[in-house]
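We count ligands from 1, going down the list as the structure has it; atoms in each ligand are counted the same way. The first residue in the sequence is number 1, and the count goes up from there.
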Amino acid sequence: MKKNPKYGSQEPRIISRADHNVTRAEFSKSALKVLYRLNKAGYQAFLVGGCVRDAMLELHPKDFDVATNATPEEVKALFGNCRLIGRRFRLAHVRFGREIIEVATFRAAAISEHDDHHSDDEGRILRDNVYGSIDEDVWRRDFTCNALYYNIADFSIWDYTGGFEDVKRKRIVLIGDPEKRMREDPVRMLRAIRFAAKLDFEIDEPVIKAIDHHSHLLTNVPAARLFDEFLKLFQAGNAERTFDLLHDHGLFREIFPATDEELAKDAGFMRFTRAALQNTDRRVQDGKSVTPMFLLGVFLWLPVKKLAEIRRSEEKMSESQSLSLASYEIVAQQQRRISIPKRFTVPMREMLSLQPRFEFKRGKRAMKLLDHRRFRAAYDFMLLLAEVGLGSQETAKFWTEVQLQSAEERAQSFQIGQSPGKKKRRPRRRRRGKPAQDQ
Ligand code: ATP
Ligand code: MG
């Protein structure tokens, strides 16, 4: 296990260009420009973190983090296209068209009592905002594979923690004492899972133990931060593997308690969830867009459905209305763990409460569903339910076919303007006047 030494007491292992496989072709032109200019101005300039790790694995990194001994103000002075962001800890963003290169000044780790670090009762770091040198910066990073520095001065890699070998061995190893590092920032548990899934790495045994001991600490993490992490976990193309690891290590229940409870009881719901995760991964791999509201809707579906049944037994309302009401309540509960922005919860609620409407296949109102702004998502959701045997195949087939039909064919499918005897449906008409069920 790697020890966290006193400041500056350890020399890095320097792996020269001849001894590693990281080529500049793996890095963006913009990132290289930033590095060269910093270096020319006399500063140290390194690429660090995910991009070095991914370059070693030939995974074609997409975002680039630069670390330097120049202060943010000094960085700004060098680049016209630069903005300083963050109040507590300032970072420089250098912009090249749509690409942003993040430049961070070396920071010291949370060790000294005298500096500006504060932690809560569980040991969680609340602030860390002191500039430092590279040999301080390295110890505040999470995993050894994320703590490699690529030096633009001679294209060597600086390794203080054994990360170079750990990448080769495909292992997720925490820097320092795993128990302490997980308490400092419980999000590292999710990050361990995320990297293991993305990189197909093994998680080191002490890290697994620390996760077992501290999974409950995730409830202390601000809900807004967990939403950002949720996106990274489930929209990077490895959602299914990530889900399995989270589930196996008892972390899924910490972020989706209601879902976890239903998954344990209901094999059909597990099949549905898995199908949705596979679907998401396929879309990401095909370069298609994915919205978090779809997967959130899947995760919350059974809790919502069950609560809707209860609400319906208490008060007279349509199935759609009960689903809308229940999703409002379930989302409110879920927000305590992960804060989901309204721009996702509102469409998700619509998607779920539209589900019963697929059962109606006759008449103009049924046909109007095709024009609903949430039709596409609701349809995909319904298809998935049918695919895993939780919905009607016949209904899925009907709605798939009508989308391909001409106006006349469609009118026929929905039996519009056919046998006049069937036309009168007074109760349905009355309901149409009511306010929309979705909001
Ligand atoms: P990717 O971009 O593929 O998600 P990454 O390793 O670049 O992976 P980022 O979240 O972009 O991850 O963070 C950049 C670097 O910052 C990490 O490689 C790591 O060194 C450090 N880091 C990020 N989050 C933490 C954390 N919670 N604790 C300690 N170090 C962290
Ligand atoms: Mg990154």
Trainee: Which residue owns the protein heavy atom closest to atom 1 (P) of ligand 1, what's the atom, and how far is it?
Mentor: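 Looking at atom 1 (P) of ligand 1, the protein heavy atom closest to it is R53 NH2, 3.9 Å.
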Trainee: Can you find a pair of side-chain heavy atoms, one from L57 and one from L199, that are under 4.5 Å apart?
Mentor: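 Result yes, sub-4.5 Å side-chain heavy-atom pair found.
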Trainee: F164 pairs by side chain to side chain contact (heavy atoms under 4.5 Å, CB included) with which of D19, V52, D159?
Mentor: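 Exactly one option meets the side chain to side chain contact (heavy atoms under 4.5 Å, CB included) with F164, and it is D159.
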Trainee: Could you identify the single nearest non-hydrogen protein atom to atom 28 (N) of ligand 1 and state the distance to 0.1 Å?
Mentor: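 Here the closest protein heavy atom is R188 NE, 2.9 Å.
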Trainee: Please confirm if an N, O or S atom belonging to D63, backbone or side chain, lies less than 2.8 Å from the Mg ion (ligand 2).
Mentor: yes
Trainee: If we ignore angles and hydrogens, is there a donor and acceptor under 3.5 Å between the side chains of E254 and T219?
Mentor: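 No, T219 and E254 have no side-chain donor paired with an acceptor closer than 3.5 Å.
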Trainee: State, without any angle test, whether S322 and R311 hold a side-chain donor-acceptor pair at a distance under 3.5 Å.
Mentor: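 Looking only at side-chain atoms, R311 and S322 do not form any donor-acceptor pair under 3.5 Å.
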Trainee: Just let me know how R140 lines up against ligand 1, side chain, backbone, both or neither, with a heavy-atom cut-off below 4.0 Å.
Mentor: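 Backbone only.
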Trainee: Which of the atoms in ligand 1, numbered in the order shown and given with their element, are less than 4.0 Å from a heavy-atom of R225?
Mentor: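 Heavy-atom distances to R225 below 4.0 Å select 27 (N).
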Trainee: I need the atoms of ligand 1 closer than 4.0 Å to a non-hydrogen atom of G49, numbered in the order shown.
Mentor: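 Result: 18 (O).
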Trainee: Please test F201 against F143 for side chain to side chain contact (heavy atoms under 4.5 Å, CB included), starting from the C-alpha separation and ending with a verdict.
Mentor: CA-CA 12 Å; F201 276 25; F143 304 104; over 6 Å; no
Trainee: Using the benzene-type ring in the case of Trp, are the ring centres of Y150 and F27 under 6.0 Å apart?
Mentor: yes
Trainee: With distance as the sole criterion, is a donor-acceptor pair present between the side chains of R141 and Y160 under 3.5 Å?
Mentor: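 Per modelled atom types, R141 and Y160 side chains form no pair under 3.5 Å.
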Trainee: Within a distance under 4.0 Å of any heavy atom of R194, pick out the atoms of ligand 1 and give their elements.
Mentor: 4 (O)
Trainee: Using a 4.0 Å heavy-atom cut-off, say whether D65 meets ligand 1 through its side chain, its backbone, both or neither.
Mentor: side chain
Trainee: Suppose I only count heavy atoms of G50 and a 4.0 Å limit; which atoms of ligand 1 are within that range?
Mentor: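 Near G50, the atoms of ligand 1 are 5 (P), 6 (O), 7 (O), 18 (O).
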Trainee: Could you walk me through whether F243 and F252 pass the ring pair (Phe, Tyr, Trp, His ring centres under 6.0 Å) test, one step at a time?
Mentor: CA-CA 7 Å; F243 168 80; F252 190 76; 5.0 Å; yes
Trainee: Could you tell me whether a side-chain N or O of N151 sits under 3.5 Å from a main-chain N or O of A153, the two making a donor and an acceptor?
Mentor: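 Yes: the side chain of N151 pairs with the backbone of A153.
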Trainee: Answer side chain, backbone, both or neither: which part of F143 comes under 4.0 Å from ligand 1, heavy atoms only.
Mentor: neither
Trainee: For ligand 1, indicate whether the residue E184 contacts it via side chain, backbone, both or neither (heavy-atom separation under 4.0 Å).
Mentor: neither
Trainee: For V298 and F381, run side chain to side chain contact (heavy atoms under 4.5 Å, CB included): C-alpha distance rounded to whole Å, both residues' side-chain angles, the deciding distance at 0.1 Å, then the answer.
Mentor: CA-CA 8 Å; V298 169; F381 195 92; 3.7 Å; yes
Trainee: Give the single entry among I175, D142, V187 that approaches atom 19 (C) of ligand 1 most closely by any heavy atom.
Mentor: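 Of the listed residues, D142 has the closest heavy atom.
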Trainee: Quick check on contacts: which atoms of ligand 1 are under 4.0 angstrom from a heavy atom of D185?
Mentor: 26 (C), 27 (N)
Trainee: Can you check which of E229, R191, K62 brings a heavy atom nearest to atom 24 (N) of ligand 1?
Mentor: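 Of the listed residues, R191 has the closest heavy atom.
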Trainee: Please could you name the atoms of ligand 1 that R141 approaches to less than 4.0 Å, counting only its heavy atoms?
Mentor: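 It comes down to these atoms of ligand 1: 15 (C), 16 (O), 19 (C), 20 (O), 21 (C), 29 (C), 30 (N).
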Trainee: Hey, which atoms in ligand 1 end up nearer than 4.0 Å to a heavy atom of D63?
Mentor: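 Counting from 1, the qualifying ligand atoms are 2 (O).
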